[in-house]
Number of protein chains: 2
Amino acid sequence: MRPKLTLKQIARELDVSISTVSKALKDSPEIGEDTKQKIKAFAKLYNYKPNNIALSLKNRKTKTIGIIIPEIVHYFFTTVISGVEQVANEKGYNVIVCLSNNSFDREVLNLDLLANGSTDGFILSLAKETMQKEDYHHLTEVINQGMPVVLFDRVVDEVHCDKVIIDDIIGAKKAVEHLIETGCKKIGILSTVDYVSVGKLRTRGYIEALEENDFPVDEDLILKIEDMENSEKEIGEFLKTRDVDGLFAVNEQFAVSAIGALRRQGRNVPEDVSVVGFTDGELSKNFIPSLTTVSQHGTRMGAEAAHLLIDKLERKPDEVESYKTVIVETSLVRRESTKN
Amino acid sequence: MRPKLTLKQIARELDVSISTVSKALKDSPEIGEDTKQKIKAFAKLYNYKPNNIALSLKNRKTKTIGIIIPEIVHYFFTTVISGVEQVANEKGYNVIVCLSNNSFDREVLNLDLLANGSTDGFILSLAKETMQKEDYHHLTEVINQGMPVVLFDRVVDEVHCDKVIIDDIIGAKKAVEHLIETGCKKIGILSTVDYVSVGKLRTRGYIEALEENDFPVDEDLILKIEDMENSEKEIGEFLKTRDVDGLFAVNEQFAVSAIGALRRQGRNVPEDVSVVGFTDGELSKNFIPSLTTVSQHGTRMGAEAAHLLIDKLERKPDEVESYKTVIVETSLVRRESTKN
DNA sequence: TTTCAACACGCAAACGTTTTCGGACGTTGA
DNA sequence: TCAACGTCCGAAAACGTTTGCGTGTTGAAA
């Protein structure tokens, strides 16, 4: 076992000073050609690599960005991470991932931890609990300390920072309009309770689409699900008494649950009922019938977020502060769960 | 914007020395009660938190563990991350995630980067390309420098370190035996090329199960897929000319592709053909019919890996070196894609 | 009054870098 | 012969901590 090589050891070995070694390795003109060669050769031979921690301390930046998400076992978030990782890597940054598990406390904990030198900035999507409590002091505090933060997906007006979102309303409208275009007359929605902002917004899009097309808005066709655990049962009950021919689900899960329930009730998709989901994940692609869905392009969102953050990080200190909100367009992916 | 508070600033503000502040905050008996109170109050008021980077440098450990996986948009890996994260957090460690994208070069790059001070140890699953090249010098080097490494899932004998695996052979046997028990007579397998170790092992398990039950092993019923992109088509072709009544797929993807292809050919699952998958992901749970599958318990694997790693990290230096391989048991989850 | 322990605190080194500054030495030109 | 200059290198500070040790002050015991 041979521990890591340091400048000091090279210096001692070659009988020069530490600063000489440092300069030589950086190809400084201050150092004579032959000394440089000698030092470089030695460093290469023993595979010297500078210690990142020491560099971070000196430079007061770590070249790593923290990403905090509510849960990782979730296709959308993994695509976002993937997007972040990609551009971060291109720009020489590392990515450190933390999970809030939708808990406010864990979100605060992780943020605090990473804010103390471990990262240069954050990309995060708020925990459900945080949005319920409407407590964002941990974020504003971090921002106040000069740390750039980019919020994505689950964002909130109260926090002033860059944001990356999709237009949930427009996305939902696309879905519902597609149902209308393909001949559905009575369209229901499977949504979440309102404090989940995406649920609220997508419900609004659903309503707007109906209104703009002179469809009646029937509260009885709107299901707002709170308990994710029992969503399947709840959806089944709901559908049993609703004579819809079109269904917009605000996520994949709800969509497949609905299809299952419908099938059990002897109703076929898409012949009897067309179904559109939201989020283009593994399920949508592989389900039978495959799901027509609104794709959020998580990878692109992640990439955008990373760009925003890195721009802030590498901005000259005298540039004026300004916060952007980039909206990543959604797109409707037509598959088998709707009539074409 | 108020930048982070340091010991030095507190010291200046309160007109004491840096060391006094440090000791006071650590409740050292060296410091007088009133001074302590004064310092603590001040620190609390301005929310002082020690700088992690400085601590890392001083202690020569970072309290973070690196996890390098081939891809993140993959249910199994996310569950593993989740497991690692959980126990890491309990023990006060952070997790930094890197993606190799199945590329050897990226694996080396990430490892090198993180090895230079950013992490105390690694948990990783080898990139496909790495296993093809059979080049593991980057790992042995890191291990030689005294960094603990835990390999999981895609492991390899050549690297000496702790490992967490499932018994692919036994898992596959469970699957095939279940097919046999439920009355299948002619059982095929959808596998991968042999250099993907899991494919190879699961194929072996398939063969062993057949032999032990006095079933003939028919090479013609074994499909080894190389090109994941076109797996769906390949599976369709394969099934068209095989009159199987049982099918073991080495992953979820293959299983659902098979079911789709069978259905298109007018064959029902599980009535005409029973299908068992491997990996208990979103797909398996939600597909219709839901998939009988061999669960790998990714979360548990991640947790085990984290424990192994942290044990090594916190081991007294004089303890003897020893490498464990823990085998996480798989379990068969019976669902609708097989007859009961 | 002297001596000494106990107490309270500061100094300085260390972790591994980078970088500014200055010093030693040799060469050049007048 | 000597100043001026160039070349090559080292000392030291800095980033933010922790910690062993030294030191000054106090009060009490002798």
Side-chain angles (χ1 to χ4, degrees), chain A residues 2-40 42-43 46-64 113-120 145-146, chain B residues 2-40 42-43 46-64 113-120 145-146:
Chain A
R2 157 182 56 93
K4 289 244 57 162
L5 197 57
T6 71
L7 287 185
K8 193 193 289 197
Q9 292 170 41
I10 301 184
R12 197 183 322 128
E13 209 70 34
L14 263 43
D15 214 47
V16 290
S17 81
I18 296 180
S19 39
T20 303
V21 178
S22 176
K23 288 172 190 167
L25 293 177
K26 313 217 90 161
D27 225 9
S28 156
E30 279 186 54
I31 307 299
E33 238 358 277
D34 34 358
T35 327
K36 257 197 256 187
Q37 290 315 323
K38 187 179 59 176
I39 293 176
K40 283 189 185 175
F42 187 93
Y46 291 104
N47 193 28
Y48 169 79
K49 296 267 175 54
N51 180 309
N52 286 329
I53 295 291
L55 284 179
S56 295
L57 185 57
K58 180 126 234 321
N59 302 331
R60 264 97 91 47
K61 55 180 163 184
T62 62
K63 279 281 191 176
T64 98
L113 202 73
L114 297 189
N116 293 310
S118 304
T119 59
D120 296 340
Q145 287 174 6
Chain B
R2 159 182 54 92
K4 289 243 58 161
L5 198 57
T6 70
L7 287 186
K8 193 191 290 196
Q9 292 169 40
I10 301 184
R12 198 183 321 130
E13 210 69 35
L14 264 44
D15 213 48
V16 292
S17 80
I18 296 179
S19 42
T20 302
V21 178
S22 175
K23 287 170 187 165
L25 292 177
K26 312 216 92 158
D27 226 9
S28 158
E30 278 187 56
I31 306 299
E33 242 351 283
D34 34 358
T35 326
K36 256 198 253 187
Q37 290 314 322
K38 187 180 59 175
I39 293 177
K40 282 188 186 174
F42 188 92
Y46 292 103
N47 193 26
Y48 169 79
K49 297 269 174 54
N51 180 308
N52 286 329
I53 295 290
L55 284 179
S56 295
L57 184 58
K58 179 126 236 316
N59 302 331
R60 263 97 93 46
K61 55 179 162 183
T62 63
K63 280 278 190 179
T64 100
L113 202 72
L114 297 189
N116 293 310
S118 305
T119 60
D120 295 342
Q145 287 174 7

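What you see is a predicted model; the values in this text were computed from it and never measured. Note on naming: letters A, B, ... go to the chains in the order of the sequence lines (proteins, then strands), and numbering restarts at 1 for each one.
The distance from the CG atom of A:L25 to the NZ atom of A:K36 is 10.5 Å, given to the nearest 0.5 Å. The line from CD1 of B:I18 to CD of B:Q9 is 10.0 Å long, rounded to the nearest 0.5 Å.
For B:K58, counting side-chain heavy atoms from C-beta on, the closest listed nucleotide (C:dT17, D:dG10, D:dT18) is D:dT18. Closest to the A:V16 side chain, of the nucleotides C:dG16, D:dG10, D:dT18, is D:dG10.
Following rounding to the nearest Å, B:I53 (CD1) and C:dT17 (P) show an atom-to-atom distance of 14 Å. Between the CG atom of A:L25 and the P atom of C:dT17 there is a distance of 10 Å, rounded to whole Å. B:I39 has its CD1 atom 8 Å from the P atom of C:dG10, to the nearest Å. For the pair B:R12 CZ and D:dT17 P, the computed distance is 13 Å after rounding to whole Å. Atom-to-atom, CD1 of A:I18 to P of D:dG10 comes out at 11 Å; the value is rounded to the nearest Å. The CG-C1' distance, from A:L7 to C:dT17, rounds to 6 Å in whole Å. We find that CG of B:L57 is positioned 17 Å from P of D:dA14, with the value rounded to whole Å. One atom, CG of B:N51, and another, P of D:dA14, lie 17 Å apart when rounded to the nearest Å.
Each of B:S19 and A:S19 has a nearest nucleotide on DNA chain C; the 5'-most of these lies closest to B:S19. Residues A:D34 and B:L5 each lie close to DNA chain D; by heavy-atom proximity, the contact nearer the 5' end of the strand is made by A:D34.
B:S28 comes within contact range of no nucleotide atom at all, as no heavy-atom separation falls under 4.0 Å. Within 4.0 Å (heavy atoms only), B:L55 reaches sugar-phosphate atoms of the nucleic acid but no base atom. B:T6 comes within 4.0 angstrom of the backbone, heavy atoms only, and of no base. At the heavy-atom level, A:S56 lies nowhere under 4.0 Å from the strands shown. As judged by a 4.0 angstrom heavy-atom cut-off over every strand, A:K8 is placed among residues touching the sugar-phosphate backbone only.
Between the side chain of B:K4 and the base of D:dG16 there is no donor-acceptor pair of N/O atoms closer than 3.5 Å. Between the side chain of B:E30 and the base of D:dC21 there is at least one donor-acceptor pair of N/O atoms closer than 3.5 Å. At a cut-off of 3.5 angstrom, counting only N and O atoms as typed in the model, there is no donor on one side facing an acceptor on the other between the side-chain of B:T20 and the base of C:dC9. Within 3.5 Å, no donor on the side chain of B:K23 pairs with an acceptor on the base of D:dT17, nor the reverse.
The environment of A:K40 atom NZ is dense: over 12 non-hydrogen atoms of other residues, nucleotides or ligands sit within 6.0 angstrom. Residue A:K4 qualifies as enclosed at atom NZ: its count of foreign heavy atoms under 6.0 Å is above 12.
Between A:T20 and the options A:D15, A:I10, A:L14, A:I31, a side-chain contact (heavy atoms from CB on, under 4.5 Å) holds for only A:I31.
Note on B:S22: a side-chain N or O is less than 4.0 Å away from OP1 or OP2 of D:dT18. Neither OP1 nor OP2 of C:dG16 sits under 4.0 Å from any side-chain N or O of A:Y48. Contact annotation: A:R60 side-chain N/O to D:dA14 OP1/OP2 distance is not under 4.0 Å.
Here the closest non-hydrogen pair linking B:L55 and B:P50 is CD1-CB, 4.0 Å.
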